[in-house]
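Notes to accompany the following structure.
All chains are named by letter (A, B, ...) in the order of the sequence lines, taking the proteins before the strands, and each is independently numbered beginning at 1.
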Amino acid sequence: MVEETVEFRSVRGFHDILPEEIAYWQRLESFSRRILEAHGFKELRLPVLEMASLFKRGIGEETDIVSKEMYLFSDPKGRELCLRPEATSQIVRAYIQNRMDLKEPISKLYLIGPMFRHERPQKGRYRQFHQIDVELIGDRGPISDAEILILLWRILQGLGMGDLVLTINSLGCEVCRPHFKSHLKEFLRDKREGLCPDCQRRSEKNPLRVFDCKEAQCKASLEGAPRIDESWCGDCTDHLRAILDLLSEAGIPYILDSRLMRGLDYYTRTAFEVKTKALGAQDAVAGGGRYDRLISTLGGPDRPSIGFAIGMERAIELLKLNEALRPEGPKVFIASLGFRARLFAFKLMMELRARELKTEMAYGESSLKSQMRQATRYRAEYVLIIGDEELEAGTVTLKEMNSGEQTQVKISDLIRRLIGPKTP
RNA sequence: GUGGAUGUAGCUCAAUUGGCGGAGCACUGGGUUGUGGCCCCAGAGGUCGAGGGUUCAAGUCCCUUCAUCCACCCCA
């Protein structure tokens with residue numbers, strides 16, 4: 001067989017995250033973890049592979065995610081598996097399977113990891129993308145909604161992502177939503193001619209989504225349509241009112257928008273989205289809502305819940321636009337002249353690294369000039385110069401790069417000089 | 001899934017009617033004894049996204065394909 005030279009590439013919509021970018025990822029993750037832990041949420045990690053039926057049941061067969069965006073596989077025994085397209089259904093599966101409901105009355109969980117959807121790639125939309133997913137399981141009251149929303153806002157604001165808009169709506173509950181849905185269907189039946197093809201299809205299967213349509217003709221046709229905010233039952237109205245009051249008291253700005261709908265069927269009552277103007281069409285940085293029926297739908301106990309997901313790629317785009325990275329800690333470069341000095345420099349470098357001081361030296365043999373250039377490129381704060389003279393005297397030359405000042409330092413004093421006296 | 005734009009050095013981009021593939025930045029070395037940034041000199045770096053076709057001749061024209069980007073759609 002003839003060897004074929006193939007150019008290997010990553011799969012469409014799947015991306016490498018390189019060292020130049022990784023500082024943003026680390027900062028997003030570590031800051032989010034800190035805030036989440038402070039608010040009592042605990043991390044869990046779950047497989048990327050699940051039974052496909054979980055999402056069909058959880059998210060809904062009619063949704064775009066399930067009907068056309070799932071990565072489906074058959075395993076060797078013919079079971080239908082998929083790469084997880086979202087986290088909530090999966091967390092709920094783990095919650096039920098591991099009987100978390102018996103361990104504690106309320107579970108506050110978060111998961112950070114990749115999700116997979118087979119969509120047309122675009123900036124801010126990838127086939128493998130990452131989410132920080134947060135769920136508060138087991139409480140029905142508006143305080144949970146407020147806790148979740150305030151937490152989300154604190155994470156996004158604390159990271160500094162520029163102007164963000166929080167939009168909230170209530171989708172109603174199992175009592176009032178069915179009424180609204182049938183009213184709306186009836187209304188849309190008369191307007192059918194005026195709707196775009198997509199909406200004609202939606203008007204029967206998923207009529208709420210017509211409110212999302214940006215087509216001018218559809219917007220016009222919705223003139224005089226039943227409004228979801230007029231169909232809320234008393235409980236839904238009170239619930240939303242309580243949340244909005246708590247948000248106002250917390251100083252969190254929001255927009256109440258009765259056209260906000262969500263693409264996953266499990267949402268009840270509270271639905272929300274955080275958008276930016278800085279990212280073009282893929283403008284939702286985070287989204288979520290309440291899912292009071294999902295756990296029982298998936299075979300678990302009756303546990304009303306609420307959660308959200310932050311899109312990490314989109315969040316990072318905003319971090320890049322809005323904030324320069326913090327400078328790293330001090331760095332040291334060791335320049336050496338001659339073989340003996342190089343061996344000495346190596347041992348010294350490893351000693352400094354053992355004390356967690358970022359230290360580098362030249363790998364090959366090169367002139368001092370060249371080594372100084374390397375030190376500049378590396379952005380070293382200090383350069384240690386070691387040649388025969390220093391070896392003889394038992395010292396190193398310590399150069400402070402900003403000022404250019406140079407002093408001879410005894411080896412025994414060096415660590416103290418670089419790290420400071422407080423370090424043991 | 002639909003429509004459109006773009007693929008040339010690591011990055012940002014040039015290349016006339018089809019006629020020897022370039023610049024800036026970055027990289028490597030040097031500018032005489034052991035000193036960086038600025039400056040100067042030199043070097044290295046390209047299957048011109050991939051495959052086919054037209055032509056004496058293709059980065060340039062045609063077809064196919066892959067990828068990226070934008071909008072729709074969808075969502076985080």
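Among the atoms of the strands shown, base atoms are found under 4.0 Å from some heavy atom of A/Gln282. Residue contacts shown for A/Lys399 include a base, since a base heavy atom lies under 4.0 Å away. Using a 4.0 Å heavy-atom cutoff across all strands shown, A/Arg377 reaches sugar-phosphate atoms only and no base atom. Residue-level contact check: A/Phe14 touches neither bases nor backbone, having no heavy atom under 4.0 Å from any strand. A/Gln374 comes within contact range of no nucleotide atom at all, as no heavy-atom separation falls under 4.0 Å. Residue contacts for A/Glu273: at a heavy-atom cut-off of 4.0 Å it reaches no nucleic acid atom on any strand shown.
Salt bridge A/Glu273/A/Arg262: present, at least one basic N to carboxylate O contact under 4.0 Å. Using a 4.0 Å cut-off between charged nitrogen and carboxylate oxygen, A/Lys347 and A/Glu351 do not count as a salt-bridge pair. Ion pair A/Glu360/A/Arg353 flagged as a salt bridge, since at least one NZ, NE, NH1 or NH2 atom sits closer than 4.0 Å to an Asp/Glu carboxylate oxygen. A/Asp145 and A/Arg290 are joined by a salt bridge, as a carboxylate oxygen and a charged side-chain nitrogen come within less than 4.0 angstrom of each other.
Side-chain atoms of A/Gln90 and A/Leu111, non-hydrogen and from C-beta on, do get closer than 4.5 Å to each other.
In this structure, CZ of A/Phe116 is placed 16 Å from P of B/A76, rounded to the nearest angstrom. In this structure, A/Asp283 places its CG atom 12 Å from P of B/A76, rounding to the nearest Å.
For A/Ala380 and A/Arg373, each mapped to the nucleotide of RNA chain B holding its nearest heavy atom, the one lying further toward the 5' end belongs to A/Arg373. Checking A/Lys68 against A/Ala309, the closest nucleotide of RNA chain B that is more toward the 5' end is the one next to A/Lys68.
Proximity of A/Gln122 to the phosphate of B/A71: a side-chain N or O atom is located under 4.0 Å from OP1 or OP2. The side chain of A/Arg125 contributes no N or O atom lying less than 4.0 Å from OP1 or OP2 of B/A71. Neither OP1 nor OP2 of B/C75 sits under 4.0 Å from any side-chain N or O of A/Arg262. Residue A/Ser370 has a polar side-chain atom (N or O) positioned under 4.0 Å from OP1 or OP2 of B/G29.
Here, B/G49 and B/U6 have their P atoms 13 Å apart, quoted to the whole Å.
In this structure, of B/G34, B/C75, B/U68, it is B/G34 that holds the atom nearest to the side chain of A/Leu368.
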